[in-house]
A.B. asks: 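Quick one: this structure, given as structure tokens, is what I'll be asking you about.
Naming: A, B, ... by sequence-line order, numbering from 1 per chain.
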There are 2 protein chains.
Amino acid sequence: MYARTSNECAFVGGISIASRKEVAELAGVSEATVSRVLNNVGPLKEETKERVLAAALQLGYTPSSLAQSFARRRSGNLGVVMPYLPKTRWFSTYYFSEILSGIGSKAREEGYDLLMLFRNAEEPMDYSELFKMRKIDACIVLGAKEEPGELDSLRRLKEEGHPYCLINQHFEGEAFHEVDADHVEGSWQAVRHLLNQGFTRIAFLNGPASYSNSRDRLTGYLRALEESNLPLDDSLLFEGNFSRKSGVIAAKEMLPLLNAIDAIVAANDRMAIGLQQGLQELGIPRDHIPAIVGYDDSDAAELTTPALSSVRVPFYELGEIAVTKVLELLGCSPSETSSSSQVIHIKLPTELVIRASSKIMNPKEE
Amino acid sequence: MYARTSNECAFVGGISIASRKEVAELAGVSEATVSRVLNNVGPLKEETKERVLAAALQLGYTPSSLAQSFARRRSGNLGVVMPYLPKTRWFSTYYFSEILSGIGSKAREEGYDLLMLFRNAEEPMDYSELFKMRKIDACIVLGAKEEPGELDSLRRLKEEGHPYCLINQHFEGEAFHEVDADHVEGSWQAVRHLLNQGFTRIAFLNGPASYSNSRDRLTGYLRALEESNLPLDDSLLFEGNFSRKSGVIAAKEMLPLLNAIDAIVAANDRMAIGLQQGLQELGIPRDHIPAIVGYDDSDAAELTTPALSSVRVPFYELGEIAVTKVLELLGCSPSETSSSSQVIHIKLPTELVIRASSKIMNPKEE
DNA sequence: TCATTAGATGTACGCGCGTACATTTTCTCA
DNA sequence: TGAGAAAATGTACGCGCGTACATCTAATGA
């Protein structure tokens with residue numbers, strides 16, 4: 001391979017590719033100058049600049065980002081860690097597509113490429129390994145969950161001072177960088193809305209407690225009840241896994257208690273819809289179905305009949321902000337990034353969107 | 001920088017990283033041997049292998065994939081081109097999340113990373129540039145559309161013999177590598193089903209004609225009518241943009257003709273649902289709403305009341321196959337890959353899923 | 001006019017791997 | 001036991017950039 005020392009063009013896909021050397025020769029300058037022109041560094045004569053640019057254009061020269069990354073010791077990639085694929089269905093795909101859109105548009109704006117990383121079923125992903133391999137310069141973790149392997153991996157990430165950020169998951173007592181929505185407020189809003197309408201026996205279909213946002217939602221639920229001096233009734237607490245099906249199942253579980261329930265808050269829209277459908281399938285007449293409020297305000301919320309009231313979460317913005325923050329960390333010196341200093345902890349507000357599913361015939365809403 | 005020639009460890013995120021040299025020294029071998037052990041090439045003494053592996057483990061050495069990619073002149077990345085983000089909503093996010101899941105799982109299986117590339121609103125993306133920059137080794141194009149810039153870019157991709165593949169879009173007379181579902185058959189199935197039930201005045205809400213699958217669906221629609229010796233009525237043809245809203249709008253357009261329509265086929269579920277809702281909002285009594293069949297069999301199809309009949313498209317499989325094929329192309333020598341030789345043209349079958357929305361009270365289904 | 005300096009460009013080398021070729025070691029069979 | 005082959009390992013270099021340092025040129029000021 002290194003016999004062809006005088007080689008001046010590589011091949012890719014059967015097409016020759018111009019080298020920096022050729023550009024330099026054509027422009028009558030050194031390779032360094034070509035590099036400088038292309039990166040616009042140092043003082044450069046305008047005329048040289050033009051000559052080099054012209055030569056590059058004429059030869060169709062494009063620097064290899066592979067080589068650039070190597071020389072700069074930066075991949076230019078922003079890692080996005082996704083949950084194990086089959087699990088994705090549990091959340092809405094809406095959830096992820098919104099966040100991803102936010103991440104994608106911001107990353108592009110900042111000149112970073114998006115590297116998708118899917119968690120595996122078996123081994124917990126070793127995030128710091130990704131940095132050691134130089135695959136990514138920063139990373140955003142979605143759908144994290146409180147599991148031993150996950151936690152260890154995140155701790156290492158933090159200790160080693162890599163630029164990272166969690167979205168929508170908080171680890172108690174860990175001080176990870178995180179961007180989140182205020183789910184305590186969100187579920188509080190939902191319950192408050194129902195209370196305002198005169199409902200008092202409000203069931204709560206939550207997600208798995210291993211997600212911090214599930215716990216947050218429970219807190220909001222409890223707080224709202226407490227504020228109205230309503231006692232907590234454990235039998236009104238249910239748990240699903242964010243899937244529609246688990247909503248259907250919850251409907252069955254609620255059946256015996258249905259006369260003691262006049263409203264339900266669900267932890268996401270899919271479960272809320274499953275609930276609607278499950279109750280209908282069980283033969284509950286439409287006007288006996290409790291008021292229902294979902295969560296996420298996904299596009300599915302307006303696909304159902306009656307349309308689903310829901311708590312809007314600014315997913316797109318969460319994605320954007322996460323990118324901004326994580327790139328800020330990247331900008332800092334490693335020492336600043338490290339542990340102690342500034343921990344990112346952002347909480348965006350939620351907003352209740354009221355639709356037909358939570359309205360009563362003679363509303364008492366103030 | 002190059003003053004520290006004797007340097008033996010780099011730093012990343014404030015943590016030192018072992019170098020290949022250190023591993024070599026600790027194991028008492030040359031760097032080349034370390035490389036050979038890690039890549040398992042050439043004949044190696046078992047004992048050496050173990051010693052090197054142990055040293056690597058002890059020092060926590062991980063090869064830099066940046067340097068590997070550079071030396072191998074392969075990025076190890078599989079590019080996935082996505083439509084301009086705001087447009088994504090038009091299709092269902094379901095559509096993309098399914099395809100992406102298929103791509104993601106297969107790519108991981110094959111040891112490739114996924115690089116997400118979002119098309120821009122302004123400039124049409126230059127695909128071959130991505131290869132020239134060595135950002136990707138192969139690429140899969142989603143949501144392609146018949147536009148001049150797009151077409152040129154794809155042509156270059158083909159001419160230059162890069163491993164690429166389109167999903168769900170066919171360019172007439174171009175012989176691009178493509179993996180698709182059989183949408184002629186799909187819409188034929190939908191119409192056939194309605195005809196079998198005795199419906200004869202079947203409206204068709206199609207997507208934009210700039211997508212080949214829209215044209216395919218029209219063909220299937222026409223073919224089914226023709227087979228039943230039914231004349232084509234232009235006034236029964238409508239066009240939306242795949243969004244729910246455009247379904248609502250179509251409902252309004254259909255209103256004056258509603259007594260001449262007893263069934264509707266829509267080109268995706270979102271429009272079908274918009275149609276259902278639009279007609280309801282216009283005050284059409286439930287039993288006067290035409291039978292409706294959607295397309296994609298997205299998860300939204302079972303969220304509506306009545307549940308939506310729909311044509312199932314194997315999106316996940318499309319993604320998987322696209323990866324397989326594109327990596328096969330990558331394996332070939334460039335010359336074989338190039339133009340003439342073997343063009344990939346895969347068409348997967350669709351399947352009609354019948355639900356309540358297309359049933360009649362006294363069904364005549366055979 | 002010449003010394004000084006800023007401006008412009010060239011030279012040289014490292015980034016961390018893979019690998020062709022050279023060299024040394026071990027094995028095989030006469 | 002020694003020659004030749006095969007196995008094992010070492011040596012050396014290129015991949016295509018960015019960039020520190022050296023060099024050269026033109027502008028500035030006394």
Side-chain angles (χ1 to χ4, degrees), chain A residues 1-12 16-25 27-52 56 59 61-76 132-135, chain B residues 1-12 16-25 27-52 56 59 61-76 132-135:
Chain A
M1 186 62 72
Y2 56 88
R4 62 181 174 82
T5 297
S6 63
N7 165 35
E8 301 230 341
C9 64
F11 288 84
V12 58
S16 80
I17 275 194
S19 69
R20 186 174 70 169
K21 194 167 165 187
E22 287 178 276
V23 176
E25 279 167 8
V29 297
S30 72
E31 288 192 55
T33 299
V34 174
S35 181
R36 279 191 278 256
V37 170
L38 265 47
N39 294 332
N40 202 29
V41 311
L44 287 164
K45 208 189 284 179
E46 193 58 35
E47 188 245 331
T48 310
K49 222 186 272 191
E50 286 165 11
R51 226 171 48 234
V52 169
L59 296 173
Y61 170 73
T62 312
S64 152
S65 25
L66 228 53
Q68 287 183 320
S69 296
F70 180 55
R72 296 187 175 125
R73 264 144 304 175
R74 289 224 171 169
S75 67
K132 212 154 60 169
M133 298 171 74
R134 309 275 184 176
K135 283 211 171 188
Chain B
M1 188 62 72
Y2 56 90
R4 62 182 173 84
T5 297
S6 63
N7 166 34
E8 301 227 341
C9 66
F11 289 85
V12 58
S16 80
I17 275 193
S19 70
R20 185 173 68 169
K21 195 167 166 189
E22 287 179 277
V23 176
E25 279 167 8
V29 298
S30 73
E31 288 192 54
T33 299
V34 175
S35 182
R36 278 191 280 257
V37 170
L38 265 47
N39 295 333
N40 202 28
V41 312
L44 287 165
K45 204 188 287 178
E46 192 58 36
E47 188 247 331
T48 310
K49 222 187 273 189
E50 286 165 13
R51 226 172 48 234
V52 169
L59 296 173
Y61 170 73
T62 311
S64 151
S65 23
L66 226 54
Q68 287 183 320
S69 296
F70 180 56
R72 297 188 175 124
R73 265 144 302 173
R74 289 223 171 170
S75 67
K132 217 157 54 172
M133 297 171 75
R134 309 277 186 175
K135 283 212 172 188

A.B. asks: What is the distance, to the nearest angstrom, from the CG atom on B:N40 to the P atom on C:dC17?
C.D. replies: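 About 17 Å, once rounded to whole Å.
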A.B. asks: Does any donor-acceptor pair link the side chain of B:R20 with the base of C:dG18 at a separation under 3.5 Å?
C.D. replies: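 Indeed there is one.
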A.B. asks: Measure from the side-chain N and O atoms of A:S19 to the backbone N and O of A:E22, and report whether any donor-acceptor pair falls under 3.5 Å.
C.D. replies: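 Yes: the side chain of A:S19 pairs with the backbone of A:E22.
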A.B. asks: Rounding to an integer number of Å, can you tell me how far A:K21 NZ sits from C:dT11 P?
C.D. replies: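 Interatomic distance, NZ of A:K21 to P of C:dT11: 13 Å.
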A.B. asks: Measure from CD on A:E31 to C1' on C:dT11 and round the result to the nearest Å.
C.D. replies: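 Distance check: A:E31 CD to C:dT11 C1' gives 11 Å.
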A.B. asks: Where is the tightest heavy-atom contact between B:S35 and B:R20, given as atom of each residue plus distance?
C.D. replies: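 For B:S35 versus B:R20, the nearest heavy atoms are CB-NH1, 3.6 Å.
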A.B. asks: Is the phosphate of C:dC17 approached by B:S35 (side-chain N or O, under 4.0 Å from OP1 or OP2)?
C.D. replies: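 No, no such contact exists.
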A.B. asks: Does B:K21 form a salt bridge (charged side-chain N to carboxylate O under 4.0 Å, His left out) with B:E25? I'd like the steps, not just the answer.
C.D. replies: CA-CA 6 Å; B:K21 195 167 166 189; B:E25 279 167 8; 5.3 Å; no
A.B. asks: Rounded off to whole Å, could you give me the CG-to-P distance for the B:L66 and D:dC17 pair?
C.D. replies: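 To the nearest whole Å, that distance equals 14 Å.
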A.B. asks: Looking at B:Q68, I'd like to know whether one of its side-chain N or O atoms comes within less than 4.0 Å of OP1 or OP2 on C:dG18.
C.D. replies: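 Yes, such a contact exists.
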A.B. asks: For D:dG18, take OP1 and OP2 only and decide whether either is under 4.0 Å from a side-chain N or O of A:R72.
C.D. replies: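 For D:dG18, OP1 or OP2 has a side-chain N or O of A:R72 closer than 4.0 Å.
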A.B. asks: When you match A:V41 and B:F70 each to their closest nucleotide on DNA chain D, which lands nearer the 5' end?
C.D. replies: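 Upstream on the strand: B:F70.
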A.B. asks: What's the shortest heavy-atom distance between A:L38 and A:P63, and which atoms?
C.D. replies: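 Between these two residues, the closest heavy atoms are CD2-CG, 3.7 Å.
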A.B. asks: Each nucleotide N or O in nucleotides 4-9 of chain D that has a protein N or O under 3.5 Å away: list the pair and distance.
C.D. replies:
unit_1, atom_1, unit_2, atom_2, d
D:dT9, OP1, B:T48, OG1, 2.3
D:dT9, OP2, B:K45, N, 3.1

A.B. asks: Can you name the nearest heavy-atom pair linking B:S75 to B:K135, along with the distance?
C.D. replies: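 Taking every non-hydrogen atom into account, OG-O, 3.1 Å.
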